[in-house]
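See below for the structure under consideration.
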Amino acid sequence: MPLSGCSFDFSSVLTDVSTMVKTARLVENVGVGAYLGAAHIVGDATFLTAAASIVTIEARHQAILNIMQGVSPAPQPFDIPLLPNEVLAMVGSFISGCSLGVPANPSLAITTTGTVTVGTSLQFSSSAINGSTSGFACQMLTGGMPSSITLPIDQCVVPPGINGPVAIWVTSDMQPLNGDAVQRQSNASLPVQPWPSSTSNRTRWDPWSPTSARVCLPPRSPRPLRSTRVRP
């Protein structure tokens, strides 16, 4: 059923052109990921075809906004499929007045200051992170990765060779997250996203401000071992 009563407020990020473009880029990237991540739950072929006709337009918008920020219009051959709770972790703060029927993952902000590049240590803050973080991991996914790059949270650094949008989770264990949204179990949250882009042979990270960068997960219940494991 269609949602009703929703209000959308982007006033907090319409303060200047630079912030607006960054937020629009985030929203378009998340929009593309949302369509991809929801495709497997759409059982009606008519609705699925309609959604497919929209996601192609969203991808074009995404490419234009990438160009406006001086990065590659299509930095990766695949986009990142996002689950509904992951999408809301990133853009739920802009929506009010209605029940979406999906609990949002807790949000996460990257608090690292200064230039973020290969080798930079990433720091995080979230209401879901309190007390000891022993055993916690940061997990990074880009489009097309079979599974996440998994690092201890106190050794979470920007790795070399990553270009384009990057989704970051904080998890309470070191088990990699599945890059396939159909297979991924996520009780946590989604991307605080720096959206890195390649310029020549370097990776350049463009971290979002805490208002537009959302992500993080709370401790998860134990999961059974999967028969197939993946790696980016």
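Computed from a prediction, not measured in an experiment: that's the story for all the values here. Along the sequence shown, residues are numbered consecutively beginning with 1.
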- Between L88 and L100, is a side chain to side chain contact (heavy atoms under 4.5 Å, CB included) present by the stated rule, with each step listed? CA-CA 9 Å; L88 290 177; L100 301 176; 3.3 Å; yes
- Message: Evaluate L122 against M140 for side chain to side chain contact (heavy atoms under 4.5 Å, CB included), listing each step before the verdict.
- Response: CA-CA 12 Å; L122 300 178; M140 304 182 197; 4.1 Å; yes
- Given side chain to side chain contact (heavy atoms under 4.5 Å, CB included), test I54 with Y35 step by step and report yes or no. CA-CA 9 Å; I54 296 172; Y35 278 101; 3.1 Å; yes
- Item | N66 and Q62: CA distance, side-chain angles, deciding distance, side chain to side chain contact (heavy atoms under 4.5 Å, CB included) verdict | CA-CA 6 Å; N66 284 349; Q62 174 183 319; 4.1 Å; yes
- Message: Pair T171, Q139 - check side-chain hydrogen bond (donor to acceptor under 3.5 Å, both in side chains), show working.
- Response: CA-CA 7 Å; T171 62; Q139 313 250 14; 2.9 Å; yes
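With no hydrogens or angles considered, a side-chain donor-acceptor pair links R25 and Q69 at under 3.5 Å.
One finds the CD1 atom of I168 at 7.0 Å from the SG atom of C138 (value rounded to the nearest 0.5 Å). Rounded to the nearest 0.5 Å, atoms CZ (F136) and CG (D173) are 9.5 Å apart. Atom CG of L65 and atom CG of N29 lie 8.5 Å apart (nearest 0.5 Å). The CD1 atom of I80 sits 10.0 Å away from atom CG of L36, with the distance rounded to the nearest 0.5 Å.
Residues L82 and I95 share a hydrophobic cluster, clusters being chains of Ile/Leu/Val/Met/Phe/Trp/Tyr side chains in contact below 4.5 Å. A continuous path of Ile, Leu, Val, Met, Phe, Trp and Tyr side chains, each step under 4.5 Å between heavy atoms, connects F8 with V102, placing both in one hydrophobic cluster. Cluster membership check: M20 shares its hydrophobic cluster with I64, using side-chain heavy-atom separations under 4.5 Å among Ile, Leu, Val, Met, Phe, Trp and Tyr. Linking ILVMFWY side-chain heavy atoms closer than 4.5 Å, directly or via other members, places L141 and L151 in a single hydrophobic cluster. Note on F94 and V87: same hydrophobic cluster, where clusters join Ile, Leu, Val, Met, Phe, Trp and Tyr whose side-chain heavy atoms are under 4.5 Å apart, directly or indirectly.
Across every non-hydrogen atom of A137 and M174, the tightest pair is CB-SD, 3.4 Å. What you find for P103 and N85 is that their closest heavy atoms are O-CB, 3.2 Å. For the residue pair P159 and I149, the shortest heavy atom distance occurs at CG-CD1, 4.1 Å. Nearest heavy atom pair, residue A89 against residue P106, reads CB-O, 4.1 Å. A pairwise comparison of heavy atoms in A181 and G37 identifies CB-CA, 4.2 Å as the closest pair. Residues P81 and D79 approach most closely at CD-O, 3.4 Å, considering heavy atoms.
Distance alone, capped at 3.5 Å, places no donor-acceptor pair between the T19 side chain and the D16 backbone. Using modelled atom types, no side-chain atom of E58 and backbone atom of V27 make a donor-acceptor pair closer than 3.5 Å. With hydrogens and angles disregarded, no donor-acceptor distance shorter than 3.5 Å links the side chain of T120 to the backbone of V158. Using modelled atom types, one side-chain atom of T112 and one backbone atom of S121 make a donor-acceptor pair closer than 3.5 Å. S132 places a side-chain N or O within 3.5 Å of a backbone atom of S134 that can act as its donor or acceptor partner. Here the side chain of E86 pairs a donor or acceptor atom with the backbone of L83 at under 3.5 angstrom. Under the 3.5 Å distance criterion, the side-chain polar atoms of Q76 are matched with a main-chain donor or acceptor of G143. N178 places no side-chain N or O within donor-acceptor distance of the main-chain N or O of R184, the cut-off being under 3.5 Å.
Around CZ of F10, the count of heavy atoms belonging to other residues, nucleotides or ligands within 6.0 Å exceeds 12.
Side-chain contact between S7 and C98 is absent, with no heavy atoms from C-beta onward closer than 4.5 Å. You'll find the side chain of I57 reaches within 4.5 Å of the side chain of H61, heavy atoms only. Between Q123 and I110, the closest side-chain pair of non-hydrogen atoms is not below 4.5 Å. Between T111 and F124, the closest side-chain pair of non-hydrogen atoms is not below 4.5 Å.
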